[in-house]
Amino acid sequence: MHDPRSGDLTVALDHGHFGVKLHRSRGGGSWDEIPAPKYPEKPADYKPKTPAEGLGRLVAEARWALQPGGADQPGVIWCGTLPGGLFARTAAATAGGLNRQLWDDPRQEEWFGGGADRPGIRSIVVDPH
C-alpha cells in the first residue's frame, strides 16, 4: 500500500511458520518491520457457535486490506484482517488499535462470504469527510 500523505510503502507478509508481519519502507530504500495488529486474548469461556469459528479465531492471517487514513488522520493506517477485525494503526503506536465495537458484535460469528472458511475484512473505504 502506498500512503500518498507520507510517501511510505506498507506491506503485509505471510511468513508461514513465523506468521504474518507488517513492513514499512520510507522512501523505498529499505524495509523495517513494524508491529502487526493483535487480537485480544480469547475469553476462557469462549464457545464458538460452529467448529469453524473456533479454529484460530484470534490469529491474524495474511489476507489483509491496508488503507491510509483520511486527511484528518495523519499517520493512521487502517488494517482489515481475516478473521474479521478492523484495526487503526498509527505510525507512533507499537500495535494497532482494534475496533472493539465491530469485533464485539455478537453477530460476528454469523458473518459469511468471501471464499474463506471465516469472513474477513477485504476492503476499507475511508470517509473523505
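Note that the structure is a prediction, hence the values are computed from the model and not measured.
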Exercise. Identify, with sequence neighbours excluded, every residue that meets salt bridge (charged side-chain N to carboxylate O under 4.0 Å, His left out) alongside Asp104.
Key: Arg100
Exercise. Could you walk me through whether Phe87 and Thr81 pass side-chain contact (heavy atoms from CB on, under 4.5 Å), step by step?
Key: CA-CA 8 Å; Phe87 294 83; Thr81 64; 3.8 Å; yes
Self-check item: Leu9: side-chain contact (heavy atoms from CB on, under 4.5 Å) partners, not counting sequence neighbours
Solution: His2, Ser25, Trp31
Quiz item: Which value, rounded to the nearest 0.5 Å, describes the distance between Leu22 atom CG and Asp32 atom CG?
Solution: 12.5 Å
Quiz item: Counting N and O atoms only, with roles assigned by atom type, does the side chain of Arg89 sit under 3.5 Å from a partner on the main chain of Pro35, one being a donor and the other an acceptor?
Solution: yes
Practice problem: To the nearest 0.5 Å, tell me how far Ile34 CD1 sits from Arg24 CZ. | Solution: 5.0 Å
Indicate every side-chain donor-acceptor pair of residues 65-76 with a distance under 3.5 Å to a residue at least two apart or in another chain.
| residue | atom | partner | partner atom | Å |
| --- | --- | --- | --- | --- |
| Gln73 | OE1 | Gly70 | N | 2.7 |
| Gln73 | OE1 | Trp78 | NE1 | 3.3 |

Self-check item: Counterpart residues, side-chain contact (heavy atoms from CB on, under 4.5 Å), relative to Glu33 (two or more places apart)
Solution: Lys21, His23
Quiz item: Considering residues at least two apart in sequence or located in another chain, which fulfil the side chain to side chain donor-acceptor pair (under 3.5 Å) criterion with Asp3?
Solution: Arg5
Self-check item: Test item: Leu86 and Ile124 side chains (from C-beta on) under 4.5 Å apart, heavy atoms
Solution: yes
Quiz item: Which of these passes side chain to side chain contact (heavy atoms under 4.5 Å, CB included) with Met1: Ile77, Val11, Asp8?
Solution: Ile77
